Amino acid sequence: MELVFCTGNSHKLSEVANILGDDFSFLTLTDIGYYDEIPEPYNTLEENSLAKAQQVYKQTGKDCFAEDTGLFIEALNGEPGVFSARYAGQSSDSLRNIEKVLEKLKGHKNRAAYFKTIITLMIKGMIVQFSGQCNGMISERTSGVKGFGYDPIFIPEGSEKSFAEQSPEEKNAVSHRRKAFDAMSKYLHTLNS
Ligand code: IMP
């Protein structure tokens, strides 16, 4: 089975390779020589991940999967949510995004938040979506240098360390991405059996 992962994000590539291990291998967009931009114009993770997978499928004819992820903060009515990448402006700058979150949460006691990932898989003419969620809280300040995006301010439930203080194995054991990709993996196994 040859599947293309529709992302240009090197952090996501390495996390997903680590999560899937020997279970399933995938091709990257670079592997297949695909360099077009893939926009995320919609207001839901479901629509954005579907649009990404459909764009690559339509242009290459290859079975593929795409994921879209957002950080949803309770006290901010779900912000930044689907707009997580460009919360502080078009440049997609993680440090500025984090600063904006911390600023907006100043004085808030409720720090509850969750990451959510939606994967769209296009395979054998079918479209299937999988979801994964990781609950946690937003810290008062950044800590740790591992991971990417909002990891330095997200403390997953059951831990005292932020994702950015955890090893890749620790993050991948409980993450939103882990849960979504486990669901996809299970589905692919049923297709193969
Ligand atoms: P997208 O799925 O590439 O649109 O990512 C949305 C935003 O969420 C980007 O700013 C990412 O850096 C951030 N993000 C996505 N996944 C994670 C994660 O696992 N940890 C921290 N930030 C993430």
Side-chain angles (χ1 to χ4, degrees), residues 5-20 28-29 36-56 64-73 76 78-102 104-105 111 113-121 129-139 141-157 159 161-184:
F5 186 7
C6 314
T7 186
N9 183 323
S10 60
H11 299 284
K12 288 185 181 180
L13 283 173
S14 75
E15 279 192 9
V16 173
N18 191 312
I19 288 167
L20 293 177
T28 65
L29 292 175
D36 288 5
E37 207 182 310
I38 309 181
E40 300 176 350
Y42 297 108
N43 289 332
T44 65
L45 300 176
E46 284 80 1
E47 288 169 294
N48 280 334
S49 74
L50 174 64
K52 293 191 238 187
Q54 274 180 327
Q55 176 177 326
V56 173
C64 61
F65 58 92
E67 67 106 281
D68 202 33
T69 296
L71 173 65
F72 296 79
I73 301 173
L76 303 182
E79 282 185 24
V82 72
F83 305 109
S84 293
R86 289 168 190 80
Y87 194 41
Q90 281 308 312
S91 61
S92 206
D93 179 332
S94 289
L95 286 179
R96 290 189 53 223
N97 288 339
I98 285 175
E99 271 169 22
K100 182 167 176 182
V101 165
L102 292 181
K104 283 201 149 201
L105 275 183
R111 318 284 296 188
Y114 63 88
F115 274 113
K116 188 170 181 183
T117 292
I118 298 290
I119 304 170
T120 299
L121 171 68
Q129 290 194 315
F130 307 93
S131 117
Q133 183 170 323
C134 179
N135 296 329
M137 53 167 286
I138 304 297
S139 53
R141 56 193 70 80
T142 62
S143 50
V145 294
K146 301 186 190 93
F148 69 104
Y150 296 92
D151 281 348
I153 55 167
F154 185 82
I155 302 177
E157 229 168 54
S159 175
K161 294 192 283 187
S162 77
F163 266 159
E165 292 177 295
Q166 298 188 347
S167 66
E169 290 71 26
E170 285 174 299
K171 177 181 177 188
N172 291 336
V174 299
S175 79
H176 40 296
R177 194 159 286 109
R178 171 56 181 259
K179 289 170 185 151
F181 276 94
D182 274 355
M184 183 178 98

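Computed from a predicted model, the values in this text were never measured in an experiment. First listed ligand is number 1; within each ligand, the first listed atom is number 1. The first residue in the sequence is number 1, and the count goes up from there.
- Remark: the S175 side chain and the E15 side chain contain no N/O donor-acceptor pair separated by less than 3.5 Å.
- Between I155 and E165 the shortest side-chain heavy-atom distance does not fall below 4.5 Å.
- At a 4.0 Å heavy-atom cut-off, the residues surrounding ligand 1 are K12, E40, E67, D68, T69, S84, A85, F115, F148, G149, Y150, D151, K171, H176, R177, listed by chain and number.
- A donor and an acceptor atom, one from each side chain of Q129 and S131, are nowhere located under 3.5 Å apart.
- Between F5 and F181, the ring-plane angle classifies as perpendicular under the 30° and 60° cut-offs.
- Exactly one residue among V56, I119, T120 makes a side-chain contact (heavy atoms from CB on, under 4.5 Å) with F65. That residue is I119.
- Applying the ring-ring contact (aromatic ring centres under 6.0 Å, His included) rule to Y42 yields no partners; only residues at least two apart in sequence or on another chain are considered.
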